[in-house]
Amino acid sequence: MRWSNTFIPTLKEAPAEAEIVSHQLLLRAGLARKLAGGLYTFLPAGIKVLQKIEAIVREEMNKAGGLEVLMPAVQPPEIWKASGRYEHAADVLFKVSDSKGREWLLGPTHEEVIASIASTEISSYRQLPVNFYQIQTKFRDEIRPRFGLMRAREFIMKDAYSFDVSDGDALVSYQKMYDAYVRIFDRCGLHAFPVEADTGVMGGSHSHEFMVPAENGESEVVYTEDGSYSANLEKAVSAGPCSSTPNKCTGSPEEFETPRVKTIEDLTKPPFNVPAMLQIKTLVFITEKEPVIVLLRGDDEANEAKLAVAFRTPIYRTAEPDEIKDVLGASPGSLGPLGIKGVKVFADNQLEEAAGMVAGANKDGFHKRNINVKRDLQGLVFSDLRAVREGELTSDGQPVKIKRSIEVGHVFKLGTKYCKALDASFLDESGKKQFPVMGCYGLGVTRTLQAIIECSHDENGIMWPMAIAPWQICITALDIEPDGPVMKSAGEIYGQLLDLGFDVILDDRDLRPGIKFKDSELIGFPLRVGIGSKSLKDGNVEIFVRASGEKITVPVDQAASRIKAILA
RNA sequence: CGGAGCGUAGCACAGCCUGGUUAGUGCGCCUGCUUUGGGAGCAGGAGGUCGAGUGUUCGAAUCACUCCGCUCCGACCA
């Protein structure tokens, strides 16, 4: 490609809308432009990268036995109602109506669609296992699109769906995808590592997320240095808080006055001086059907995903102050577990043996001390509800750390939920009706693109890994006189490199050298060949290695072979 | 959805508080000359319904109200 024949609008300054570096470089390097919040146009250089990532994904999916299909982005709401996700995923569903007023959905994912294919097309165990995948545009009505392609409302995703005759077979399919993901990210030059994950709104039992550590990631990963444990914060469990929960039995519950105390922290201060770990945090949520109460140690925080498991529904919200008053008869700040009737109370495991605790009296301005959980509270449902914190130990005694990461892929073993909902069954060897065990595997293609930028750049711009660079080599001709020696040599090397199978761009723009150098580094071509009359005078050209900054002077006629050697 | 900030040329911004020539600066763009190995110089030029609407006023980019859009924070932390 000759640069003058393509379109790469680079920017000297970063647009104000871009906050994080990968978003800024995405725009500055002329890869993409924003149409509206969370909606982007990919320009020629961006498309090149995207296509290279997609090619790697296709290759590895095919190698893993995946069969490519393409499903509609527009979907009928009925199948979503059948799976129950019309309600469960309501907040991210893009709804549109046609000219007759009929409602449609823009698909955020395709479990329902593939399950309906399975329901009509798969009828025998002989057809299994099978794994369909597609690379397609998805739509999610994100409450807050952010960071360019990281959290967009329209984005490209590879999604795959496996169907197996048994749970055991499904695990084999799962592992194949897991391994394929490892290879895909590796080939993209990304250090993505798998962590145990929550299954959330998808349902299912077994799940891993592929995470790329990055300051600006939106997920938090809990891990140990020795690599023996890694999990999404939503899923993570530890052996418990660093300090053990007080369990010294004391006298009977006793009310005391706590005017103006509104928070756990207020109560830790004089004149009360009650450490947070000695308090019971009382939270009120409203689920689909009813209000529920959650108890935690005062210094612990609730984990949303774990609450969803305990509540047996992902649909819940925090209660409003007047709803809290209805349930407990007091305002936030004076809430406690004593005397609760007719409301389900979920308590974190940490409280099971707790004694001598302090909590609100459910009377504004009062708290109670000497609460002994076993003695004073009945009917609690105990489970793990707390969020893990840095420094706690795993069950193996390893201290955990937390780091921010970008989720670039997510694999699930789903079970039979969708097949049952869409009535996709098959007959097994004995002629018995069975539901296939399904798995689904998402990989954010556009997000991966930006994650690579986020992980691979310096102050001058992007540093593309060879495998996905828009062009692998940029030939920077410093004099573009068509019949001049510089352009002649540039043209020769260009032809040789093309013949060698490289993806090459020839910068033939009539611009000053500085601009060409800066642009090539901003866009991040792995190699640049600089050709100007100065070096040519001695019969040389300069090879610049973007990643290392190394500059190599080589004779013109050896340029192509040297590059071949460097890239081998 | 709640809070905060911002919308002025393709991009980055000034002007607004305290209303009053023809709305500015830098980058980019076009023309010409010069320059040519790290975002050049000179000269000339194009490009703006000042986000939209309504109101106040003799007069609105500037003041008020409404709406729209963008960005950030929050949306379990009692």
Side-chain angles (χ1 to χ4, degrees), chain A residues 9-20 23-24 27-28 30 33-39 91 143-148 234 258 261-267 276 279-287 292-308 310-311 316-321 323-325 327-328 330-337 346 348 359-360 362 364 367 385-387 389 460-461 476-481 484 486 507 509-522 528-537 540-542 544 551 553:
Chain A
T10 55
L11 261 24
K12 208 160 160 182
E13 290 177 284
E17 71 192 43
E19 195 79 5
I20 67 173
H23 186 190
Q24 292 173 347
L27 301 171
R28 285 191 58 209
R33 287 291 182 266
K34 184 179 75 172
L35 175 65
L39 304 173
D91 48 344
I143 51 175
R144 180 138 92 95
R146 240 200 289 223
F147 300 151
E234 292 179 338
T258 53
V261 168
K262 290 283 166 218
T263 64
I264 299 271
E265 203 196 337
D266 290 345
L267 204 58
Q279 301 185 40
I280 296 176
K281 184 182 279 188
T282 307
L283 309 172
V284 182
F285 295 92
I286 309 290
T287 67
V292 296
I293 289 168
V294 168
L295 305 180
L296 291 161
R297 209 173 86 172
D299 57 341
D300 273 340
E301 293 176 10
N303 175 320
E304 271 183 86
K306 293 179 185 176
L307 291 186
F311 297 166
Y316 66 88
R317 60 177 173 84
T318 51
E320 300 295 332
E323 291 170 322
I324 293 175
K325 196 122 194 172
V327 177
L328 291 172
S331 301
S334 300
L335 306 180
F346 297 91
D348 181 67
N362 290 328
D364 287 355
H367 277 71
L385 301 174
R386 64 186 294 277
R389 279 174 306 187
N460 293 318
T476 301
L478 299 178
D479 174 359
I480 60 155
E481 178 56 43
V486 171
D507 190 351
R509 295 175 300 169
D510 186 13
L511 292 172
R512 300 176 60 81
I515 297 174
K516 294 186 165 197
F517 290 139
K518 287 285 183 192
D519 267 355
S520 80
E521 284 157 36
L522 173 62
R528 179 180 69 212
V529 183
I531 306 177
S533 47
K534 278 195 184 166
S535 59
L536 215 51
K537 210 165 51 193
N540 292 328
V541 298
E542 181 191 84
F544 172 76
K551 287 178 177 170
T553 302

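We name chains A, B, ... by the order of the sequence lines, and we start the count at 1 in each one. When reading the values below, keep in mind they use all heavy atoms of this one structure, side chains included, and skip hydrogens, waters and symmetry mates.
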Discussion item. Once you apply a heavy-atom cut-off of 4.0 Å, does A/Lys34 come out as touching a base, just sugar-phosphate, or nothing?
Written reply: sugar-phosphate
- Task: Give A/Val294 one of three labels, base, sugar-phosphate or nothing, depending on what nucleic acid heavy atoms sit under 4.0 Å from its own.
- Result: nothing
Sugar-phosphate, base or nothing in reach of A/Arg33, heavy atoms under 4.0 Å = nothing
For A/Asp300, which contact category applies under a 4.0 Å heavy-atom criterion: base, sugar-phosphate, or nothing? nothing
Discussion item. Under 4.0 Å, heavy atoms only, any strand: does A/Glu17 hit a base, just the sugar-phosphate, or nothing?
Written reply: sugar-phosphate
Residue set satisfying ring-ring contact (aromatic ring centres under 6.0 Å, His included) with A/Phe311, at least two apart, ordered chain then number -> A/Phe285, A/Tyr316, A/Phe346
The Watson-Crick or G-U wobble partner of B/G74, with both key distances under 3.5 Å, is B/C1
Outermost contacting nts on RNA chain B, any atom under 4.0 Å from chain A heavy atoms, listed 5' then 3', are B/C11 to B/A78
Residues passing the side chain to side chain donor-acceptor pair (under 3.5 Å) test with A/Thr10, sequence neighbours excluded, are A/Asp519
Across all chains, not counting sequence neighbours, the side chain to side chain donor-acceptor pair (under 3.5 Å) partners of A/Thr258 are A/His367
Across all chains, not counting sequence neighbours, the side-chain contact (heavy atoms from CB on, under 4.5 Å) partners of A/Asp479 are A/Glu481, A/Val486
Review point. Base, sugar-phosphate alone, or nothing: which one does A/Arg144 contact when heavy atoms must sit under 4.0 Å apart?
Key: base
For a quick check of understanding: with a heavy-atom distance under 4.0 Å over all strands, which category does A/Ile324 fall into, base, sugar-phosphate or nothing?
base
For A/Thr476 and A/Asp507 the tightest heavy-atom approach is CA-CB, 4.2 Å
| message | Does A/Phe147 reach a base, just sugar-phosphate, or nothing at all? Heavy atoms under 4.0 Å. | response | sugar-phosphate
Open item on the list: So A/Arg386, base contact, sugar-phosphate only, or nothing? Heavy-atom distance under 4.0 Å.
Closed with: nothing
The salt bridge (Lys or Arg N to Asp or Glu O under 4.0 Å) partners of A/Glu521 (sequence neighbours excluded) come to A/Arg528
